[in-house]
Amino acid sequence: MRQVEVFRRSLLRRQFLQLSGLSSASFLLGGCATTLFQDVVNKTSEPFNQKIESLIFNPQKLAPEFPRSAIEPNALLVNTYDQTPEIDPATFRLIIDGEVNHPLSMSMPDLQRMPLTSMIIRHVCVEGWAAIVQWGGIRLRDLLYLAQPKANVRYVYFKSADGYYESWDLPSATHPQTLMAYQKNGQPLSIDNGAPIRLASPIKLGYKQSKWVTRITLVNNLRPSKGYWVDQGYEWYGGL
């Protein structure tokens, strides 16, 4: 029942943000927030829901974690839309570039030498299902720290080996529970679930959690292409 309630709450919030017109948004924000409303309207390059949801999001608040007994081992998290790419782990490199002072090109052994973080969290899909999964990997904020982002960075783009692309706000990317995961339920990540490395986080819906990530690019402004499903009408923020 809890997973249904989480999805219901997120769905209601997304429906409000996507379907409410500018007039209703103006009513919501009220006179004291007129400057914020004008900022949202004028910055058409940014998703409308970004300013609203960023007010709700606490970059330090942790999502619930669960005991090992709650893990659902048969939850494959395989989407029928996926086109599984062929990736040679021996030659794989994770590139971190863009507005950074120290661009990185890291092999899987490089990544696996970094401190391992493990968490048991709920993965929620926009289609309405959810699963308790243990992810293991590297905190994304630790990787970004190595790359030394420039002061103007606001967004993070993720490119995948299958052509998938996604973008996040920087506070969500540096949330302490946002991982670049290479383990699932204590075992090496399978190719179907995004190996050699993927995004995993309890603060975003599943379509924001890119599989087969090959490049992470830090930018100041969002590009016209914001995300594979976002560009087809899904909400950009995708938060829980």
Side-chain angles (χ1 to χ4, degrees), residues 1-14 53-54 56-79 81-82 94 111-112 114-145 156 158 160 164 166-213 216 227 229-230 234-240:
M1 293 299 294
R2 171 62 179 166
Q3 68 188 48
V4 173
E5 178 59 27
V6 169
F7 173 72
R8 178 178 175 273
R9 186 171 66 249
S10 178
L11 179 61
L12 289 173
R13 183 169 61 177
R14 293 198 309 277
E53 295 215 29
S54 64
I56 301 172
F57 177 64
N58 181 342
Q60 298 304 319
K61 182 179 179 179
L62 299 181
E65 298 193 28
F66 299 87
R68 185 175 295 273
S69 60
I71 295 174
E72 300 174 66
N74 296 322
L76 297 179
L77 306 182
V78 175
N79 192 320
Y81 296 112
D82 289 339
L94 177 65
L111 294 165
Q112 290 166 346
M114 295 187 66
L116 173 67
T117 297
S118 180
M119 63 185 183
I120 301 173
I121 54 93
R122 177 179 285 110
H123 178 103
V124 180
C125 180
V126 72
E127 295 174 341
W129 60 268
I132 305 297
V133 182
Q134 182 182 29
W135 298 111
I138 310 140
R139 285 191 176 95
L140 179 54
R141 68 180 184 181
D142 293 343
L143 284 171
L144 299 185
Y145 176 81
V156 183
F158 303 92
S160 299
Y164 197 84
E166 189 52 79
S167 60
W168 287 37
D169 60 297
L170 185 62
S172 293
T174 55
H175 185 274
Q177 291 173 299
T178 297
L179 299 184
M180 297 305 300
Y182 55 83
Q183 292 180 359
K184 175 175 173 276
N185 296 338
Q187 300 296 320
L189 194 64
S190 71
I191 186 66
D192 285 341
N193 283 166
I197 199 163
R198 61 165 293 158
L199 268 168
S201 180
I203 64 169
K204 296 289 186 183
L205 287 163
Y207 67 89
K208 300 292 291 185
Q209 301 181 41
S210 302
K211 301 177 182 179
W212 311 298
V213 176
I216 300 172
W229 287 113
V230 173
Y234 280 47
E235 183 198 52
W236 174 77
Y237 200 85
L240 288 169

>> Please enumerate all residues that pass side-chain contact (heavy atoms from CB on, under 4.5 Å) together with Ser190, with sequence neighbours excluded.
In response: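 Applying side-chain contact (heavy atoms from CB on, under 4.5 Å) to Ser190 gives Asp192, Asn193.
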
Nearest-0.5 Å distance, [atom1] of residue [X] to [atom2] of residue [Y]:
| X | Y | atom1 | atom2 | result |
| --- | --- | --- | --- | --- |
| His123 | Leu205 | NE2 | CG | 8.5 Å |
| Arg139 | Thr117 | CZ | OG1 | 4.0 Å |
| Lys208 | Ser167 | NZ | OG | 5.0 Å |
| Trp212 | Arg198 | CH2 | CZ | 8.5 Å |
| Ser201 | Ile121 | OG | CD1 | 7.0 Å |
| Glu166 | Trp236 | CD | CH2 | 9.0 Å |

Between [X] and [Y], is any pair of side-chain heavy atoms under 4.5 Å apart?
| X | Y | answer |
| --- | --- | --- |
| Arg141 | Thr178 | no |
| Val213 | Leu94 | yes |
| Leu179 | Leu199 | no |
| Ile203 | Ser172 | yes |
| Val133 | Ile71 | no |
| Ile120 | Asn185 | no |
| Met114 | Leu143 | yes |
| Leu189 | Trp135 | yes |

> Looking only at side chains, do Gln183 and Ser118 share a donor and an acceptor under 3.5 Å apart?
Replying inline: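 Judged by distance alone, the side chains do not pair up.
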
>> If I compare all heavy atoms of Met119 with all of Gln177, which pair ends up nearest, and what's the gap?
In response: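 Scanning both residues completely, I find the closest heavy atoms to be CE-O, 2.8 Å.
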
> Where is the tightest heavy-atom contact between Leu240 and Pro202, given as atom of each residue plus distance?
Replying inline: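 Heavy atoms of Leu240 and Pro202 come nearest at CD1-O, 3.5 Å.
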
>> Run the side chain to side chain contact (heavy atoms under 4.5 Å, CB included) test on Arg68 and Gln134 for me, step by step, so that the C-alpha distance in whole Å, both residues' side-chain angles and the decisive distance to 0.1 Å come before the verdict.
In response: CA-CA 8 Å; Arg68 185 175 295 273; Gln134 182 182 29; 3.4 Å; yes

Side-chain ([X]) to main-chain ([Y]) donor-acceptor, under 3.5 angstrom:
| X | Y | value |
| --- | --- | --- |
| Lys204 | Tyr237 | yes |
| Tyr145 | Leu140 | no |
| His175 | Leu170 | no |
| Lys211 | Pro196 | no |

>> Once you measure the plane-to-plane angle for Phe158 and Trp168, does it fall in the parallel (<30°), tilted (30-60°) or perpendicular (>60°) bin?
In response: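 Ring orientation of Phe158 relative to Trp168: perpendicular.
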
